[in-house]
Amino acid sequence: MTRICVIGNSHLAALKLGWDAIKPEFSGIDLTFFGSAGAHIRELTVADGLLITTDRVLLRSMQDLSGGLSQIDPGCYDRFLVCGMEFSVSQVMRVAAKFRPESHARDNRHPISDECFRLSVIGCLRESLMIQTVEKLRQITDKPIAALPTPMRSDEDQRPVLRHIQTNGDDEKIAAAFTDAARHVATEFNVRLFLQPGDTLANCLQTKAVYRQGSVRLRAGLNVESAQGDYRHMNKAYGELVLRSILSGWDTDGRKLQFA
Amino acid sequence: MKSPYDSLPQEAYWRTGVVGKTAQTIQGLYRKKFPITRATRIATAGSCFAQHIGRHLRAANFSVIDTEPAPPGLATEIAAKFGYGMYSARYSNIYTARQLLQIAQEASGTFSPADAAWRRDGRYFDALRPAVEPNGLSTADSVREHRAHHLRQVLSVIRSAELFVFTLGLTEAWTHAPSGTVYPTAPGTIAGNYDPAVHRFHNFTFQEIYSDLSAFFELAKAQNPDMRFLLTVSPVPLTATASGEHVLSATTYSKSVLRAVAGQLHHERQDVDYFPSYEIITGSLSRAEYFESNLRSVRPEGVEVVMRTFFSEHGISSDLPNGPSDSKESSDTSKEKSREDVICEDILLDAFAR
């Protein structure tokens with residue numbers, strides 16, 4: 001049995017629902033979920049070789065998701081999967097909102113070199129909640145860690161900024177900047193990176209709407225649908241597809257996960 | 001018998017004003033001409049020593065203007081390599097008064113530099129601030145576009161600052177002879193190629209520097225009539241001289257001229273104050289203790305004394321909890337860090353020393 005500890009924020013909901021559906025296919029693997037919506041996961045702290053929290057919201061959510069566990073004991077798991085937690089293409093958009101790299105279409109933003117843009121995006125990902133969590137994990141374990149970025153927003157999202165990026169032809173450059181920076185940071189922190197599967201993408205910056213429809217909030221029971229206009233959270237089908245991709249592709253030291 | 005020296009204060013005599021004193025205990029060295037508060041909108045520019053002044057002002061919560069903040073995610077030391085966080089705009093070090101006048105004129109549309117895009121290894125650099133992009137840009141057109149954006153920010157600095165702090169660094173410069181354009185570094189140091197037929201060394205005189213600074217003041221006040229100025233002279237010696245003199249003599253000449261110009265303008269103008277950071281660091285009472293072993297770089301302790309003197313005169317507690325370094329670090333570590341985090345292009349000239 002390979003025991004995997006999955007840590008994340010609200011995007012855990014899709015993975016948890018997906019796992020519940022595909023679990024029978026992976027009888028040699030057991031997943032335990034820990035997390036909370038928003039930035040509460042920041043309140044995890046290292047103590048006596050464990051990840052613990054005194055944050056009541058996080059503690060409650062961890063207990064709900066994990067089946068009653070209130071701390072993360074690295075001895076209980078073989079691998080760790082960290083999900084979402086600001087490790088997102090949104091970080092590239094955040095930089096690009098005010099700063100225009102040399103190779104992007106000209107407009108009134110502050111012009112910067114492509115090199116400066118790249119270092120800025122890498123820095124933003126390095127500061128993300130995911131990498132902060134990885135750093136805590138690395139204090140207590142050297143077991144394999146994999147990272148799954150926050151999903152791209154659904155292609156139902158018609159925000160002007162996205163249209164602008166697509167119209168001026170910078171969408172692929174934005175996506176490539178994220179992939180490049182994510183790989184750089186993953187290597188730096190010895191994390192195996194799993195990018196969002198291409199099958200789920202409508203275009204290089206958006207997820208197919210079918211993977212958003214019917215998504216639920218990360219609450220006990222996972223039975224409350226996401227708010228209308230929430231194009232950020234994905235559904236059970238997305239969780240299934242992504243987890244299949246990870247579990248079948250996650251080899252370490254040349255060994256694949258055993259599904260029994 | 002009466003003497004005009006009879007009633008002078010103790011600080012007027014070397015024996016009572018200096019002997020037995022230290023840079024920390026000396027009295028009356030700096031007397032402000034006008035108040036500067038945390039609410040004063042301050043612009044900073046100058047040679048690399050000016051970076052210390054800007055950082056300490058920011059750390060003490062003064063309102064230091066930054067029109068070109070770094071992109072998010074860049075650590076401070078990486079941002080500095082791209083010219084961010086050093087001064088009120090991303091102009092990098094301005095070593096000479098002519099450079100200062102030049103950029104103000106360029107921002108105002110009355111000057112256009114010659115040979116403004118230098119090349120190195122197929123990349124293009126802004127010749128007027130070649131260090132702000134460590135690996136340059138892909139085209140000369142990009143350099144021009146980035147510079148045009150930068151100049152708009154420079155104009156914004158001039159229009160919004162209530163106090164312009166300028167640290168005079170050098171008298172020596174390299175020029176594009178046909179046009180008179182002055183560069184911050186010699187061509188061929190960071191980028192570009194030195195062409196003896198085009199590029200000329202120039203050692204600015206008292207009169208030239210006086211005229212350049214006066215012209216800058218007038219140009220700035222035309223945009224911003226209430227602006228005042230604080231001049232300092234960098235205590236950092238020349239890394240190298242092209243004057244033909246020994247570098248020690250060249251340094252003495254250069255700093256003497258700069259100090260004299262600052263003194264002259266201070267005496268002549270109500271809107272110009274002079275702050276004696278140069279005297280604090282280089283004065284004999286400091287016994288060169290504020291220099292690193294290379295007798296050039298200023299130790300963090302020296303910068304702290306300088307800034308405490310400034311803050312004290314302006315009624316700001318000298319018991320400042322934090323300098324620009326991270327207060328979580330041990331003092332040794334933070335001092336070591338601040339030794340390294342000033343960006344000086346002219347240090348590259350060391351590479352040419354045999």
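Fair warning: this is a prediction, and the values are worked out from it, not measured in the lab. Quick note on labels: first sequence line is chain A, next is B, and so on, each numbered from 1.
When every heavy atom of A:Phe99 is checked against every heavy atom of B:Pro72, the shortest pair comes out as CE1-CD, 3.9 Å. Here the shortest heavy-atom pairing between B:Tyr84 and A:Cys116 reads CE1-SG, 3.9 Å.
For the atom pair NE2 of B:His146 and CZ of A:Arg100, the computed distance is 5.5 Å after rounding to the nearest 0.5 Å. To the nearest 0.5 angstrom, B:Leu74 atom CG is 4.5 Å from A:Ser120 atom OG. For the atom pair CZ (B:Arg90) and CD1 (A:Ile112), the distance works out to 8.0 Å, reported to the nearest 0.5 Å. Here CZ of B:Arg123 is found 7.5 Å from OG of A:Ser113. Values are rounded to the nearest 0.5 Å.
A:Glu102 places a side-chain N or O within donor-acceptor distance of the main-chain N or O of B:Ser138, the cut-off being under 3.5 Å.
B:Ile78 touches chain A through its side chain: at least one heavy atom from C-beta onward sits under 4.5 Å away, while N, CA, C and O do not. Proximity to chain A (any heavy atom under 4.5 Å) is restricted, for B:Ala70, to the backbone atoms N, CA, C and O.
The candidate from B:Gln153, B:Lys81, B:His149 with the greatest count of non-hydrogen atom pairs under 4.5 Å with chain A is B:His149. For the options A:Glu115, A:His110, A:Arg106, A:Arg94, heavy-atom pairs under 4.5 Å to chain B are most numerous at A:Arg106.
The neighbour count for A:Asp107 CG, taken as heavy atoms of other residues, nucleotides or ligands under 6.0 Å away, is above 12. By the neighbour-count criterion of 12 heavy atoms within 6.0 Å, atom CD of A:Glu172 is sparsely surrounded, having that number or fewer from other residues, nucleotides or ligands. Counting heavy atoms of neighbouring residues, nucleotides and ligands inside a 6.0 Å radius, atom CG of A:Asp180 exceeds 12 of them.
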